[in-house]
Amino acid sequence: MTEAHGGIRGWAPGRKGALSRLRFTSLRLRLVVVFGLVALTAAVSASGIAYWLNREAVLTRAQDAVLRDFRQEMQNRAGALPARPTQDELLRTAGQMANSSQRFSVLLVAQDANGKTVYGNSGGLNGFSLEDVPKSLRTAVNRRQPVSDGNKEPYHLYWQRVTEHGSPYLVAGTRMIGGGPTGYTLKSLEPEAKDLNSLAWSLGIATGLALIGSALLAQAAATTVLKPVHRLGIAARRLGEGKLDTRLRVSGTDELAELSRTFNQTAEALEKRVADMAAREDSSRRFVADMSHELRTPLTAITAVVEVLEEELDAETGSVDPMIEPAVRLVVSETRRLGDLVENLMEVTRFDAGTARLVLDDVDIADQITACMDARAWLDAVDLDAERGIQVGLDPRRLDVILANLIGNALKHGGSPVRVSVRVADEHLVIAVRDHGPGIPEDVLPHVFDRFYKASASRPRSEGSGLGLSIALENAHIHGGSITAANSPEGGAVFTLRLPLGASAHADETDKDGTGAEGTGDASEGTTP
């Protein structure tokens, strides 16, 4: 699998070095470790078996040769001695026996004519002695075996391997049948031990080479397998970043090729689905924008008529028939509500289309909040806790929309007194609006900023459009800030606005319709019951 057009631009830049690729949890390291363990186990097992078989073969071959020659020498030379030989005869015979092809040491033990035990060895006074023969071997050699059909001879040849001063030896002994000397032989196995050590080193080196080879093989296999997987991971990340044209070039018919083919099919289906959804969203957005623009013209005329009717209602002459006065007041109220809804829909459309921009200005927060409350006659109903002199660069109109929604919501659906506090914390301006009402139900909290959400189904109608808090949140977001809703431990709801002190403008406000909608600030959201 290689890069397709518009797809991956290479997997090498995505690597973070050999150490990061071989972290303990990586598949590459696990493959290398598994290959290494398998190769090590196989090599050690094979080497161990080979060493054991060769060791037994070498030792058995050397041992059989020594015992065969020793038996032959005992029969030919020791058997020619008299039943009670002298020490000189034993020494001479031992020396002759030691000159055999195996070059072993010989010790002969017998009793002379006077019944005295005499010894003869092939190495002189410092040569092979009876103390060099294990006691268990001497006991076995001198033990007379009962003769039977299965055992034709009373004495047998016995042998034992011993180690003296770190060197291996073969000790063997037998007794002449029918009288005569008892013979012992000592043969060094040092040459065989050196051969076995060389074999062990060779097998160890072979095991190490097998381990290195398995690691290289595992690395090659991991690269072959994981390179497509790595590219697939990069492609998946690019797809998650919104680059829906990412594709993998498929080659081969193995499982990885099938996985890449499935990925391409999934990416193609996702791209098509997202394109369809985007097209529908654009269509819906255009419909709302067009509908809002179309509604503006008749609303302008209706609003003018409503203002005339409202003036007649407030006139001292009482020119409106008392029978139709309630209907006129309802028309006035609903017309204003409809006008607010149209303005809010147009504002929402700007946010969705990404055309809403900030017009920044340095404002005194205390003065801005006071002006917002004064314009709506809320000064007597709200307690303000704000120090003067806190200057922040932000969009005054959008801040007014946010404050109008939060404070108006607290006044209408919370409980008095409503308190607005301002502070600076962690390079942010924090404005908290708290009421003393019953608070917001826990199941409502996650939805208070949803569009057209009503806190209570029993109040489907309210003076608000259901868009005020969502518009306030969008205005906070465009400043790089946020709004959160919670219940105060002392009772009542708390809406907290956080704005960065260094807000930066995206661009001057340039709405598509050229009207620069003022965003009325729907202050009648039903967020608390």
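Predicted model only: the values in this text are computed from it and were never measured. This chain uses plain numbering: 1 for the first residue, then up along the sequence.
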Are the side chains of Q368 and P396 in touch, meaning some heavy atoms are under 4.5 Å apart?
yes

Residues at least two apart in sequence or cross-chain that pass side chain to side chain contact (heavy atoms under 4.5 Å, CB included) with R434, listed by chain then number, are H436, S488, E490, V494

From CA spacing to verdict: side-chain contact (heavy atoms from CB on, under 4.5 Å), M373, D380
CA-CA 9 Å; M373 294 188 298; D380 295 334; over 6 Å; no

Does any part of the side chain of V422, heavy atoms only, come nearer than 4.5 Å to the side chain of D385, both counted from C-beta?
no

Would one find more than 12 heavy atoms of other residues, nucleotides or ligands at under 6.0 Å from atom CG of D426?
no

Heavy-atom pair with the smallest gap, counting every atom of P446 and D443
CD-O, 3.7 Å

Report the C-alpha distance between E255 and R261 in whole Å, list the side-chain angles of each, state the deciding distance to 0.1 Å, and finish with yes or no for salt bridge (charged side-chain N to carboxylate O under 4.0 Å, His left out).
CA-CA 10 Å; E255 289 81 358; R261 194 174 293 109; over 6 Å; no

Is there a side-chain contact between L259 and V229 in this structure, where contact means two heavy atoms from C-beta onward sitting under 4.5 Å apart?
no

F495 side chain near I440 side chain, heavy-atom distance below 4.5 Å:
yes

Can you check side-chain contact (heavy atoms from CB on, under 4.5 Å) on T207 and L211, steps first, answer last?
CA-CA 6 Å; T207 300; L211 186 59; 5.7 Å; no

Nearest atoms (heavy-atom pairs only) where G389 meets D364
N-OD2, 2.8 Å

Flag side-chain contact, heavy atom, 4.5 Å: V424 against V392:
no

Tell me, do N475 and I471 make a side-chain contact under 4.5 Å, heavy atoms counted?
yes

If you apply the rule side-chain contact (heavy atoms from CB on, under 4.5 Å), what do you find for T496 with I431, and how did you get there?
CA-CA 6 Å; T496 303; I431 302 177; over 6 Å; no

Taking atom CG of N264 and atom CG of L232, what is their separation to the nearest 0.5 Å?
9.0 Å

In Å and rounded to the nearest 0.5 Å, what is the CD to NE2 distance from E474 to H479?
13.0 Å

Closest non-hydrogen atom pair between A476 and L499, with its separation:
O-CD2, 4.1 Å

Please indicate whether E387 has more than 12 foreign heavy atoms, meaning atoms of other residues, nucleotides or ligands, lying under 6.0 Å from its CD.
no

Measure the OG-CG distance between S202 and L196 for me, rounded to the nearest 0.5 Å.
11.0 Å

Side-chain contact test, heavy atoms from C-beta onward, threshold under 4.5 Å: evaluate it for D395 versus I478 and give yes or no.
no

Should I390 and L429 count as side-chain neighbours, where that means a heavy-atom distance under 4.5 Å?
yes

Distance in Å, R419 CZ paired with D383 CG, rounded so as to fall on 0.5 Å steps
6.5 Å

What distance separates D435 CG from N409 CG, expressed to the nearest 0.5 Å?
8.0 Å

For A485 and V448 the tightest heavy-atom approach is CB-CG2, 3.8 Å

Taking only residues two or more places apart in sequence, or in another chain, which ones meet E241 in a salt bridge (charged side-chain N to carboxylate O under 4.0 Å, His left out)?
K243

State, to 0.1 Å, how close A425 and R423 come at their nearest heavy-atom pair, and which atoms those are.
CB-NH1, 3.4 Å

With rounding to the nearest 0.5 Å, note down the distance linking CG in L239 to CZ in F263.
5.0 Å

For L473 and H477: C-alpha separation, side-chain torsions, deciding distance, then whether side-chain contact (heavy atoms from CB on, under 4.5 Å) applies.
CA-CA 6 Å; L473 182 62; H477 286 169; 3.4 Å; yes

Could you tell me whether D400 and R376 have a side-chain N and a carboxylate O separated by less than 4.0 Å?
yes

Nearest heavy-atom approach of A200 to Y51 is CB-CE1, 3.8 Å

